[in-house]
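Data first, discussion second: the structure below is written as structure tokens.
Keep in mind that the numbers below use all heavy atoms, side chains included, and drop hydrogens, waters and symmetry copies. If you're wondering where the values come from, they're calculated on a predicted model, not measured in any experiment.
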Amino acid sequence: MSSGIVLHHLENSRSQRVLWLLEELQVPYTIKHYKRLPTQLAPLELKKIHPLGKSPVITDGDLVIAESGAIVEYLIGKYGKGRFQPPEQGNVKNLYYTHYAEGTLQNLLSNWRIYGMIPERVPWPIRWLIRIVMTKTQQALLLGTIEASTEMVEKDLEQSPTGWIAGGAEPTSADFMLLFPLEALPRAMGTRIPPKIKAWVNSAHSRDAFQRALEKGGEYVYAKRSEAST
């Protein structure tokens with residue numbers, strides 16, 4: 001197995017937040033790119049790296065680590081040199097949001113997307129009916145909790161003295177984990193994204209490390225490289 005860190009990077013995926021973190025850490029790494037299949041699934045080639053064939057996954061020497069949260073915590077712990085840690089008063093909030101990002105918010109948004117995709121996968125004569133059913137399902141089962149989640153995150157960002165979720169001077173694991181679901185939030189909320197969440201996403205996207213991550217990661221559906229970085 002290759003020495004050093006290798007990020008197995010799937011386009012338009014959770015892998016982008018790991019790429020952002022790697023650029024913030026400024027550690028040497030290699031990136032291997034993977035394209036989605038026409039079905040939008042990951043290519044089977046990723047199963048050679050990890051049995052589930054999902055991204056992100058990193059290798060660090062002989063170590064293979066999957067799952068965004070595990071990767072983020074591993075990289076900060078091993079390579080952070082004390083950076084990207086929350087202040088003492090933000091420890092619990094950082095812990096909560098690091099796990100909430102995938103355990104709750106991303107789960108809701110993934111289900112929202114799946115329900116939205118189902119009508120396109122059924123025979124066209126009944127597509128209109130399935131679209132109505134799936135829209136009502138989204139609204140009945142998901143929308144209320146997504147709206148409550150949005151209000152909660154907005155309130156906590158309002159209370160942050162720095163704009164980062166745990167109130168520190170730099171992003172922490174909670175911020176790296178929240179990147180993907182907060183970028184995807186308009187899928188469910190449309191234009192009803194509150195100001196602090198908008199500002200948080202813009203702040204993350206404007207960081208030099210994130211812009212370098214965009215350059216190295218390739219086209220990304222949720223962000224574009226700024227003119228200043230090109």
Side-chain angles (χ1 to χ4, degrees), residues 7 13-27 29 56 58 67-109 146-189 192-217 220 222-226 228-229:
L7 170 62
S13 75
R14 294 162 170 83
S15 180
Q16 191 69 34
R17 57 187 168 197
V18 177
L19 189 52
W20 173 29
L21 173 56
L22 285 167
E23 286 298 321
E24 292 280 3
L25 292 168
Q26 297 185 0
V27 293
Y29 69 93
I58 67 168
E67 291 294 338
S68 299
I71 294 169
V72 166
E73 293 192 51
Y74 169 80
L75 290 174
I76 291 176
K78 184 172 181 178
Y79 298 104
K81 298 179 180 179
R83 294 184 64 195
F84 312 112
Q85 298 292 336
E88 184 176 355
Q89 67 272 22
N91 273 330
V92 172
K93 188 167 289 186
N94 183 67
L95 179 65
Y96 172 73
Y97 275 107
T98 296
H99 295 276
Y100 157 87
E102 279 293 318
T104 299
L105 185 54
Q106 185 58 55
N107 187 43
L108 290 165
L109 294 171
I146 292 172
E147 290 174 335
S149 291
T150 301
E151 292 175 8
M152 180 184 71
V153 175
E154 180 73 4
K155 182 178 179 180
D156 280 335
L157 287 174
E158 287 173 352
Q159 295 173 349
S160 169
T162 63
W164 299 114
I165 198 69
E170 294 184 300
T172 61
S173 59
D175 297 288
F176 294 112
M177 289 300 296
L178 279 169
L179 177 72
F180 193 71
L182 291 187
E183 289 174 328
L185 193 57
R187 287 183 180 271
M189 293 290 290
R192 297 182 297 126
I193 306 299
K196 290 296 182 181
I197 291 179
K198 281 184 179 180
W200 182 94
V201 172
N202 289 337
S203 181
H205 286 180
S206 66
R207 289 178 71 85
D208 290 343
F210 187 87
Q211 290 296 312
R212 293 195 302 271
L214 284 179
E215 180 180 3
K216 294 180 180 180
Y220 183 52
Y222 295 120
K224 303 295 182 184
R225 291 184 63 199
S226 68
S229 66

Has Asp208 got more than 12 heavy atoms of other residues, nucleotides or ligands less than 6.0 Å from its CG?
-> no
Of Arg17, Gln106, Glu102, which is the lone residue that meets side chain to side chain donor-acceptor pair (under 3.5 Å) with Ser68?
-> Arg17
Would a distance-only check, ignoring hydrogens and angles, find a side-chain to backbone donor-acceptor pair under 3.5 Å from Ser203 to Ala199?
-> no
Hey, does the side chain of Asn202 reach the backbone of Lys198 with a donor-acceptor pair shorter than 3.5 angstrom?
-> yes
Is there side-chain contact between Phe176 and Ile76, with at least one heavy-atom pair below 4.5 Å?
-> yes
Contacts of Ser15 that satisfy side chain to side chain donor-acceptor pair (under 3.5 Å) - sequence neighbours left out = His9
Partners passing side chain to side chain donor-acceptor pair (under 3.5 Å) against Glu183 (at least two apart in sequence or in another chain) = His205, Tyr220
Less than 4.0 Å between a side-chain N and a carboxylate O, is that true for Arg207 and Glu23?
-> no
Residues 78-87 vs side chain to side chain donor-acceptor pair (under 3.5 Å), sequence neighbours excluded, gives Asp60-Lys78, Asp60-Tyr79, Tyr74-Lys78, Arg83-Glu170
Rounded to the nearest 0.5 Å, how far does [atom2] of [Y] lie from [atom1] of [X]?
{"X": "Thr172", "Y": "Ile165", "atom1": "OG1", "atom2": "CD1", "answer": "8.0 Å"}
{"X": "Met189", "Y": "Ile197", "atom1": "CE", "atom2": "CD1", "answer": "7.5 Å"}
{"X": "Glu73", "Y": "Met177", "atom1": "CD", "atom2": "CE", "answer": "8.0 Å"}

